[in-house]
Amino acid sequence: MSDTHAQTVRYVRETMLPEREPPLAETGVIKWMRENLFSSWINAILTIVSLYIIFVVLSAIIPWLLNSVWDAESLTECREILAAQGLSSHDGACGAVLTARWHQLVFGYYPSELYWRPILALALFLVGIAPVLFANLPRQMLLVSAAVPFVCFWLLWGGSVWFPVMIALGFVLGYLAMVLVGKALSPLAGIIAAIVLPILYWIFLAGPLAAAMADVIPLRIEEVQSRAFGGFMLSVVIGLSAIILSLPLGILLALARQSNLFIIKTSAVVFIEVIRGVPLIVWLFTAQLLLNYFLPRGTNFDLTLRVIIMVTLFSSAYIAEVVRGGLAALPKGQYEGADSLGLDYWQSMRLIILPQALKISIPGIVNTFIGLFKDTTLVVFIGLFDPLGIAGAIRASTEWNGIYWELFVFIGLMFFIACYSMGRYSLYLEKKLQREHR
Amino acid sequence: MTTLTDPPKDRFRFSQLIYDTRYRSITIQVVALVLIVAALTWLVNNTVENLEESGKTFSFAFLGQPAGYDINQMLIEYDNQMSHGRAALVGILNTLLVAFLGCVAATIIGVFVGVLRLSKNWVISRLMAVYVEGFRNIPLLLWIVLIFAFLSEGLPQPRDFRGEDPAASMSVFDSVAITGRGTYIPRVGFTNSLSGNEAVAPQEGMPPLASGLVDWLVIIGVVIASIIAMRYVSARANRIQQATGERPNTLWPNVAIFFVPLGIVLLLLGATISQPYLRGFNFTEGIFLRNSLIALWLALSLYTGAFIAEIVRAGILAVSKGQSEAAFALGLRPNRTMNLVILPQAMRVIVPPLISQYLNLTKNSSLAIAVGYMDVRATLGGITINQTGRELEGMLLLGGFYLSLSLIISAVMNYYNNRTKLMER
């Protein structure tokens with residue numbers, strides 16, 4: 001066969017041709033553009049329309065930012081400088097409002113000689129939160145994390161050091177009670193003692209003890225009223241305390257809602273639905289107007305504290321729903337497996353169910369936190385000076401009357417940075433905890 | 001020899017209440033109940049004492065008293081001599097109006113952006129990502145304030161429309177005037193109105209027009225009847241297709257069924273479009289949409305639209321590729337694949353979070369306070385409380401309104417979830 005073939009074919013190529021360059025339309029930028037931007041006429045129209053939108057937006061914003069004036073005492077001076085360059089007042093930003101008033105936007109009315117305190121508190125907080133967020137740091141740092149809330153409280157509000165110390169002592173007392181009573185009597189008695197003893201201690205002993213210690217060794221720094229808190233500091237204080245407090249509360253609520261015990265379950269459902277059914281702003285007004293009705297006569301406590309409590313309760317209901325979603329998403333086999341190993345309820349939750357359920361709910365939990373942080377802007381309506389409230393106050397001053405965009409852009413940018421990085425962290429965590437191979 | 005031993009008959013011991021799993025759950029619940037009841041009693045007791053202290057009684061009688069304040073946007077008749085209850089109702093309708101408009105717009109924006117974000121077109125998917133991240137990560141309140149400032153500062157005032165060579169002109173065939181005070185859009189009036197309202201000529205040279213609830217109810221009724229008839233035609237076509245394999249054409253009958261009765265009714269009523277026009281220093285006629293409404297509407301729908309876009313994207317991605325490949329392998333055409341295979345599965349993922357976004361939007365509409373839109377929080381929860389000093393009752397009613405709204409919506413959602421959920425053990 002091969003012989004005949006050789007005779008019929010007149011020419012056989014024995015060497016390979018050199019590889020040729022692909023056609024120009026099939027390589028590099030042109031190929032990419034053809035495939036990604038102009039693959040069909042609909043795509044081409046979309047591309048052109050979106051390029052036009054981008055052009056319009058950028059051509060409005062970039063000159064405005066580039067022409068901005070950073071050194072002026074008031075809006076009129078700002079406009080004069082712009083006019084001297086032959087520009088109208090809309091052609092350039094007046095960034096001077098930020099250089100002149102940034103300290104108010106960041107710290108509110110906190111005394112300026114004490115700015116080091118919130119800054120130090122933030123730095124301490126970052127040190128404390130690091131071992132919680134990143135697992136590869138040494139575990140001993142968690143002890144620092146436990147102490148950080150009390151130190152931060154002391155730094156921000158000031159006053160005698162003994163008050164936060166005595167409060168912290170309550171937690172130590174609870175832990176000791178659980179270990180000692182648990183060993184001496186029974187684990188259940190240990191838990192009951194760990195709850196009852198600290199509460200009794202906080203109500204009856206902590207205050208007088210702190211006062212007595214303050215008399216003996218007066219370790220105090222200048223006190224700052226929470227009225228002076230404002231700007232991003234206020235948002236961060238409210239947001240972070242609510243985030244830290246609402247996570248455990250939300251998990252407990254979710255477990256209560258999933259439990260078999262009728263009364264526990266019903267009360268959790270009622271609490272969650274009532275909280276979630278009503279807008280935060282109504283809850284804030286409740287905290288402002290109605291809390292005095294619900295508490296014994298004569299009690300009158302700090303508005304900022306009330307807001308923190310309300311925001312905590314509010315977001316814990318949302319966290320509870322997210323965690324419940326995670327609990328429900330676990331296959332039943334996990335619950336049954338935990339039961340068949342002979343684990344009791346808390347053991348099975350702690351060792352089997354919650355680690356998996358929380359992993360599933362991470363995106364939802366972080367989204368709730370982002371929402372909570374954004375919602376801290378609502379406190380402006382009950383008279384606290386969050387960044388928007390400060391912006392209003394700046395606009396009300398004679399120097400900066402009539403300024404809008406510069407303040408809003410700055411505030412928006414700050415919120416964007418904070419919330420976007422939280423979202424990125426949640427993606428990182430999701431990826432790190434991903435155990436399935438897909 | 002068998003011996004039967006009875007189980008040991010122990011007397012009930014108190015320690016069983018804690019250690020025996022049969023009784024423990026009861027113990028825990030009783031303790032919890034006692035604690036909850038004690039806490040509630042304490043709160044109610046404090047409230048009663050505090051009310052007595054301040055000399056107030058707990059009563060809702062203030063709802064019947066004359067309100068004495070004006071509301072600048074009302075869907076039903078209202079003046080300041082009417083009761084606080086009526087004012088609250090006006091506020092409720094305003095809340096529902098902005099919530100409804102917002103839900104519709106947010107859904108449209110969200111679906112478009114969600115689909116475009118999955119597009120292979122690099123530029124548009126990035127642009128949509130920027131939109132979504134921008135709106136999701138910046139507080140809604142800031143957006144509302146920003147958009148309101150833009151509308152009132154950046155748009156021309158009505159006086160700019162005046163003169164020989166006006167600085168601004170009306171858009172959409174000279175029928176819509178977008179001004180810094182608000183937007184004027186044309187309204188539809190009827191020459192043969194059934195409502196019995198007094199007919200007024202909107203402009204010289206135009207026939208007298210009136211409109212009322214009855215006219216619109218008639219029109220809505222005709223549209224609903226047409227839709228039912230259209231469904232019947234489609235069902236009949238399906239039956240014929242099942243029996244014979246031939247599907248009769250349904251497009252033209254359906255178009256006719258929808259438009260012909262509607263056209264006849266509109267003709268009989270004498271529907272006429274009346275456009276806004278300048279009189280003096282302001283526009284008259286047409287429907288006036290305040291900037292507060294527009295800013296709130298835009299901000300709510302753009303903000304919620306960003307969230308809905310993410311939901312839609314997740315829903316589409318959740319349907320695995322194998323599903324559409326299997327449908328193609330069965331010989332289904334692309335549009336049938338979309339309708340019968342992809343959408344039902346994607347909807348199961350999309351609808352529950354979508355409805356909770358609607359709920360969020362409705363609750364977020366209480367941010368109307370930032371732009372002075374007169375929603376229920378502004379009327380019942382704002383001015384009424386300030387005038388009557390009934391904080392407790394007012395806040396209870398306000399909370400009750402939002403709560404019942406959200407319970408109704410969650411009930412709908414639970415019904416849907418139960419109907420579409422996958423069956424498990």
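Below, all heavy atoms of this structure are taken into account, side chains as well, without hydrogens, waters or symmetry copies. Note that the structure is predicted; figures quoted are calculated from it, not measured.
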Minimum-distance pair of heavy atoms, taken over all atoms of B/L140 and B/A299: CD1-O, 3.9 Å

Which of B/S119, B/S366, B/G399 touches chain A most, by non-hydrogen pairs under 4.5 Å: B/S366

Option in A/V282, A/I417, A/V49, A/L289 with maximal non-hydrogen atom pairs under 4.5 Å from chain B: A/V282

Pairing residues for A/F373 by the ring pair (Phe, Tyr, Trp, His ring centres under 6.0 Å) criterion, not counting sequence neighbours: A/F415

Closest non-hydrogen atom pair, B/S365 against B/T95: OG-CG2, 3.7 Å

Option that, when pairs with chain A are counted at under 4.5 Å, heavy atom only, ranks first among B/P139, B/S125, B/A32, B/S406: B/P139

Part of A/I54 within contact of chain B (heavy atom distance under 4.5 Å): side chain

Separation of B/M413 CE from B/N418 CG (nearest 0.5 Å): 10.5 Å

Best-contacting candidate, A/V409, A/L413, A/V278, against chain B by heavy atom pairs under 4.5 angstrom: A/V278

Contacting moiety of B/Q29, where chain A heavy atoms sit under 4.5 Å: both

Proximity breakdown for B/L398 and chain A, heavy-atom pairs closer than 4.5 Å: side chain

Interchain contact, B/L116 with chain A, by part (heavy-atom threshold 4.5 Å): side chain

B/V376 vs B/Y402 side-chain heavy atoms within contact, under 4.5 Å: yes

Side chain to side chain, A/I360 and A/L330, heavy atoms closer than 4.5 Å: yes

Heavy-atom pair count under 4.5 Å with chain A, highest-scoring of B/L43, B/I369, B/L33, B/L392: B/I369

Region of A/F416 that comes under 4.5 Å of a non-hydrogen atom in chain B: both

Any side-chain heavy-atom pair of A/N367 and A/I370 under 4.5 Å: yes

Interface moiety of A/L290 toward chain B, non-hydrogen atoms closer than 4.5 Å: side chain

Heavy-atom closest pair, residues A/S50 and B/V123: OG-CG1, 3.5 Å

Residue pair A/F285 / A/I382, side-chain heavy-atom distance below 4.5 Å: yes

Top contributor to chain A interface from B/W143, B/F150, B/W122 [non-hydrogen pairs under 4.5 Å]: B/W122

Which atoms of A/I411 approach chain B - backbone, side chain, both or neither, heavy atom under 4.5 Å: both

Proximity of residues 267-276 of chain A to chain B, residues having a non-hydrogen atom under 4.5 angstrom: A/S267, A/E273, A/V274, A/R276

Side chain, backbone, both or neither of A/W283 within contact of chain B (heavy atoms, under 4.5 Å): neither

Residue pair A/M310 / A/A287: nearest heavy atoms and the distance that separates them: CG-CB, 3.5 Å

Separation of A/L378 CG from A/L384 CG (nearest 0.5 Å): 11.5 Å

Which of B/V30, B/L51, B/I36 touches chain A most, by non-hydrogen pairs under 4.5 Å: B/L51

Top of A/T377, A/I53, A/T376 for chain B proximity - count of heavy-atom pairs under 4.5 angstrom: A/T377

Non-hydrogen side-chain atoms of A/D339 and A/Y345 separated by less than 4.5 Å: no

Close side-chain approach of B/L317 to B/L118, heavy-atom, < 4.5 Å: yes

Heavy-atom proximity to chain B below 4.5 Å, by part of A/L261: both

Heavy-atom pairs under 4.5 Å with chain A, option from B/L127, B/L141, B/L367 with the top count: B/L141

Side-chain heavy atoms of A/I30 within contact of A/R34, under 4.5 Å: yes

Pairwise distance CZ(B/R390) to CG(B/L396) - rounded to 0.5 angstrom: 12.5 Å

